[in-house]
**Q** 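Below is the structure I would like to discuss, written out as structure tokens.
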Amino acid sequence: MPIPMQDISEWYQQVVEQAGLAEHSPVRGAMTIKPYGWALWENIQRPLDAAFKATGHQNAYFPLFIPLSFLAKEAQHVEGFAQECAVVTHYRIQTDPVSHTVRPDPTAQLEEPLVVRPTSETIIWNTFKRWIQSYRDLPLLINQWANVVRWEKRPRLFLRTTEFLWQEGHTAHATAEEALKEAHQMLDIYADFVQNYLAIPVIKGRKTPTERFAGAEETFTIETLLIDGKALQAGTSHFLGQNFARAFEVQFLNERSELEYVWATSWGVSTRLIGALILSHGDEKGLVLPPRVAPIQVVIVPVWRNDTEQAETTAAAHQLAQALQAQGVRVKVDDDPHHRPGWKFNEWELRGVPLRFVIGPKDLSAGTVEVTPRHTGQKQSVSLDQARTSAKEWLETIQKELFERAKKRIEANTHRVDSYAEMRTILEEKGGFILAHWDGTAETELAIKEETGATIRCIPLDAPPEEGKCIYTGRPSQQRVVFAKAY
RNA sequence: CGAGGCGUAGCGCAGCCCGGUAGCGCACCUGCUUUGGGAGCAGGGGGUCAGCGGUUCAAAUCCGCUCGCCUCGACCA
């Protein structure tokens, strides 16, 4: 497997496939998520779902198919998604009598074509219209876990697939202030989750008008930097204003019996997070998973030379596993007799298991266990007792160290730049985040994009104001923004 | 959608130029020996050579078309 920096694309694909996360399906851009990848997704879903519910949101499910006319109701929205919609036009197939191939039955054409949802704002707001009458129905806080389809030009496993899994939250509020607060709250939930569970540092920010979600008044984002120096949007939260309420005529009576349009938000994270995970922590040996989301947190490998030793070390491994399991640790004993220890070490390293315990004949007689964290590879011999009592603590340490390591990497690749020439050099040579002044115009943004390939990833929320001159035009600027080449 | 590369066993590839019995490595199955960093030996199974059409006595190989995949761009969670 190549070293990540040399050929990231090749390395990435190999990790995804060989670690057993996912594989290509016969349909371009559509992937099969394998059990190990799915387990990872479940571990991402669980804490997020809990966080949504803890803040008063309820799960529901809306249909996959959206009448074509719905998309057209919000002008910017349809414009934004028109280029990448899958459309269902027929409801029956038939065998051609001449060629014997199966084809859509031309006599079974739908009256109105159905769009396979690229996102669900339209179908949901069509529904919210009936759910909302009074200020007492507000706020309406709904989330759904679903698949969506966007016919992307250039798919990439997890990072950009034609069909992908996500959650999309859709909320309705009585006031703009409340909706805006909701959008911020959800961005914070995403940032906390990504940093605390995936151990991926992010920058919270606003998108520029050019990069905004189609139909939003304000788009918030969490941006991270991957090991190849490219940026990735890891999650978004939109303040939709009254755009969808007006498009779908969703009004409520306020306390003074006046009719008002509701204020909306939508927010989502997707299976792209798995791509972010791989490209944040991976190394030349493969995947490196943070303990909190790793499907297997500890793998125990017994080693033996004969039948007696096999029985003894395997028994000891299972005994230790049970003790760990009782503490809530996700543990696996690899006692497969068909593979030798070296094979297993490589295999579990490739799959990113955070902690490996080895119990061999020498350990058995000494009462020890060999402990190796995946991210450092440093072997250490500890007492069996310590392995039992300290495993959870070690996992927490690994979780923190992975975050710190990623943070250092991103800091080392974040550059405060005041000259356009320097910015171009950095972008060409190594990539990374560029913190630079911008005059706030779309023209400048576009010119820089065309000349360098870099876009404004976000206008950071927590950056202090700073007087400066636009890196491109020299016009005055109040704050640095984050430029980078992105996925 | 533009430019380049590639489709041969589950995976990775050779064979194609110069048409004539479809091969190698890994994986898989059986047996024996092994087991602290991807084991060894012996035996074995597995293929509409991406698809369609053409040239030919004969096509993985030559010609045409179609489809798919990968990389780089423009578009995007």
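A, B, ... follow the sequence lines: proteins, then strands. Residue 1 opens every chain. Everything numeric in this text was worked out from a predicted model, so none of it was measured.
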**Q** Once you apply a heavy-atom cut-off of 4.0 Å, does Asp363(A) come out as touching a base, just sugar-phosphate, or nothing?
**A** base

**Q** Taking U8(B) as the reference, what is the distance to U71(B) when you measure between their C1' atoms (whole Å, please)?
**A**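 U71(B) and U8(B) have their C1' atoms separated by 22 Å.
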
**Q** Please give the nucleotide sitting opposite A58(B) as a Watson-Crick or G-U wobble pair, both distances under 3.5 Å, or none.
**A**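 None - no nucleotide pairs with A58(B), as no candidate has both distances under 3.5 Å.
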
**Q** A9(B) and U55(B): how far apart are their P atoms, nearest whole angstrom?
**A**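 Roughly 28 Å separates the two P atoms.
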
**Q** Using the rule side-chain hydrogen bond (donor to acceptor under 3.5 Å, both in side chains), only one of Glu121(A), Glu168(A), His238(A) pairs with Ser266(A); which is it?
**A**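 By the side-chain hydrogen bond (donor to acceptor under 3.5 Å, both in side chains) criterion, Ser266(A) pairs with just one of Glu121(A), Glu168(A), His238(A): Glu121(A).
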
**Q** What is the distance, to the nearest angstrom, from the CH2 atom on Trp145(A) to the P atom on A77(B)?
**A** 18 Å

**Q** Report the distance from atom CD of Glu121(A) to atom P of A77(B), rounded to the nearest whole Å.
**A** 12 Å

**Q** Mind checking who C52(B) pairs with, Watson-Crick or G-U wobble, both distances under 3.5 Å?
**A** G64(B)

**Q** For Thr219(A), report the nucleic acid contact type (base, sugar-phosphate, nothing); a contact means any heavy atom under 4.0 Å.
**A** nothing

**Q** Using the C1' atom on both, measure C16(B) against A22(B) and round to a whole Å.
**A** 13 Å

**Q** Looking at Gln13(A), I'd like to know whether one of its side-chain N or O atoms comes within less than 4.0 Å of OP1 or OP2 on U71(B).
**A** yes

**Q** Side chain of Glu347(A), heavy atoms from C-beta onward: which of G38(B), A77(B), U35(B) has the nearest atom to it?
**A**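 Of the candidates, G38(B) comes closest.
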
**Q** Assign Glu349(A) to base, sugar-phosphate, or nothing according to its heavy-atom contacts below 4.0 angstrom with the strands shown.
**A** base

**Q** State which of A77(B), C69(B), U71(B) makes the closest approach to the side chain of Phe164(A).
**A**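 Of all the options, the side chain of Phe164(A) is nearest to A77(B).
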
**Q** Any strand is fair game: report the nucleotide pairing with G23(B) by Watson-Crick or G-U wobble, both distances under 3.5 Å, or none.
**A** C13(B)

**Q** Counting only distance, no hydrogens or angles, is the base of G37(B) paired donor-acceptor with the side chain of Lys379(A) under 3.5 Å?
**A** yes

**Q** Using a heavy-atom cut-off of under 4.0 Å over every strand shown, decide if Lys344(A) touches base, sugar-phosphate, or nothing.
**A** nothing

**Q** May I ask which nucleotide in the shown strands pairs with U35(B), Watson-Crick or G-U wobble, both distances under 3.5 Å?
**A**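 Looking at the geometry, U35(B) pairs with no nucleotide.
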
**Q** Side chain of Ser9(A) only, heavy atoms from C-beta on: which candidate in G37(B), U35(B), C72(B) is closest?
**A**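 When the side chain of Ser9(A) is considered, C72(B) is the closest of G37(B), U35(B), C72(B).
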
**Q** Choosing from C70(B), A74(B), G37(B), which nucleotide comes nearest the side chain of Asn346(A)?
**A**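 Nucleotide nearest to Asn346(A)'s side chain: G37(B).
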
**Q** Could you check whether any side-chain heavy atom of Leu364(A) comes within less than 4.5 Å of a side-chain heavy atom of Ile359(A), counting everything from C-beta outward?
**A** yes

**Q** Taking any heavy-atom pair under 4.0 Å as a contact, classify Lys449(A): base, sugar-phosphate, or nothing.
**A**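 It contacts sugar-phosphate atoms only.
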
**Q** So Gly268(A), base contact, sugar-phosphate only, or nothing? Heavy-atom distance under 4.0 Å.
**A** nothing

**Q** Taking C28(B) as the reference, what is the distance to G10(B) when you measure between their C1' atoms (whole Å, please)?
**A** 9 Å

**Q** Rounding to an integer number of angstrom, what distance separates C76(B) and G4(B) when you compare their P atoms?
**A**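 Comparing P positions in C76(B) and G4(B) gives a spacing of 26 Å.
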
**Q** In whole Å, what separates the C1' atom of C70(B) from that of U34(B)?
**A** 40 Å

**Q** What's Arg156(A) touching, base or sugar-phosphate or nothing? Going by heavy atoms closer than 4.0 Å.
**A** nothing

**Q** C76(B) pairs with which nucleotide, Watson-Crick or G-U wobble, both distances below 3.5 Å?
**A** none

**Q** Nearest whole angstrom, please: distance from the C1' of A77(B) to the CD1 of Ile200(A).
**A**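 Whole-Å distance recorded here is 14 Å.
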
**Q** Sort out for me which residue in Phe248(A), Phe244(A), Trp125(A) forms a ring pair (Phe, Tyr, Trp, His ring centres under 6.0 Å) with His77(A).
**A** Phe244(A)

**Q** Should His24(A) be listed as having a side-chain N or O under 4.0 Å from OP1 or OP2 of C70(B)?
**A**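 Yes, within the criterion.
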
**Q** Can you tell me the pairing partner of U71(B) across any strand shown, Watson-Crick or G-U wobble, with both distances under 3.5 angstrom?
**A**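 The answer is A3(B), by the H-bond criterion.
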
**Q** Expressed as a whole number of angstroms, how long is the span from Gln233(A):CD to A77(B):P?
**A** 6 Å

**Q** Round to the nearest Å and state the distance from Glu79(A) atom CD to C75(B) atom C1'.
**A**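 The answer, rounded to whole Å, is 13 Å.
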
**Q** Can you tell me how far C1' in C69(B) sits from the matching atom in U33(B), rounded to whole Å?
**A** 43 Å

**Q** Determine yes or no for a side-chain-to-main-chain donor-acceptor pair under 3.5 angstrom, with Trp304(A) supplying the side chain and Asp307(A) the backbone.
**A**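 Not at all, since once roles are kept as given, no pair shorter than 3.5 Å links the two residues.
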
**Q** Go through U35(B), C1(B), G37(B) for me and flag the one nearest to the Trp304(A) side chain.
**A** U35(B)

**Q** With both distances kept under 3.5 Å, what pairs with G47(B), Watson-Crick or G-U wobble?
**A**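 G47(B) is unpaired by these criteria.
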
**Q** Between Arg340(A) and Phe81(A), which residue's closest nucleotide on RNA chain B lies nearer the 5′ terminus?
**A**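 Its nucleotide being nearer the 5' end, the pick is Arg340(A).
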
**Q** Specify the separation, in whole Å, of atom CZ of Arg154(A) and atom P of C75(B).
**A**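 The distance from CZ of Arg154(A) to P of C75(B) comes to 12 Å, rounded to the nearest Å.
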
**Q** Which atom names give the shortest non-hydrogen contact between Arg212(A) and Thr219(A), and what distance separates them?
**A** CG-OG1, 3.5 Å

**Q** Rounded to the Å, how far apart are Leu159(A) CG and U71(B) P?
**A** 11 Å

**Q** Does a donor on one side chain and an acceptor on the other come within less than 3.5 Å for Gln322(A) and Gln319(A)?
**A**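 No, no side-chain donor-acceptor pair sits under 3.5 Å.
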
**Q** If we check salt bridge (Lys or Arg N to Asp or Glu O under 4.0 Å) with Lys207(A), which of these qualifies: Glu223(A), Glu445(A), Glu218(A), Glu217(A)?
**A** Glu223(A)

**Q** Contact class for Phe213(A) (heavy atom, under 4.0 Å): base, sugar-phosphate, or nothing?
**A**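 If one applies the 4.0 Å heavy-atom cut-off, Phe213(A) turns out to touch nothing in the nucleic acid.
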
**Q** In whole Å, what separates the C1' atom of A14(B) from that of G47(B)?
**A**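 It works out to 16 Å between them.
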
**Q** Just to verify, what does Arg154(A) make a salt bridge (Lys or Arg N to Asp or Glu O under 4.0 Å) with, not counting sequence neighbours?
**A**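 Residues passing salt bridge (Lys or Arg N to Asp or Glu O under 4.0 Å) with Arg154(A): none at all.
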
**Q** A42(B) pairs with which nucleotide, Watson-Crick or G-U wobble, both distances below 3.5 Å?
**A**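 A42(B) is paired with U30(B).
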
**Q** Calculate the interatomic distance between Gln83(A) atom CD and C1(B) atom P; express it in whole Å.
**A**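 For the pair Gln83(A) CD and C1(B) P, the rounded distance is 12 Å.
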
**Q** Counting side-chain heavy atoms from C-beta on, which of C72(B), C70(B), A77(B) comes nearest to Arg160(A)?
**A** A77(B)

**Q** Consider only side-chain N and O atoms of His318(A) and Asp335(A), and report whether a donor and an acceptor are under 3.5 Å apart.
**A**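 His318(A) vs Asp335(A): donor-acceptor pair found between side chains.
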
**Q** Which is more 5' along RNA chain B, the nucleotide nearest Ser25(A) or the one nearest His339(A)? Just name the residue.
**A** His339(A)

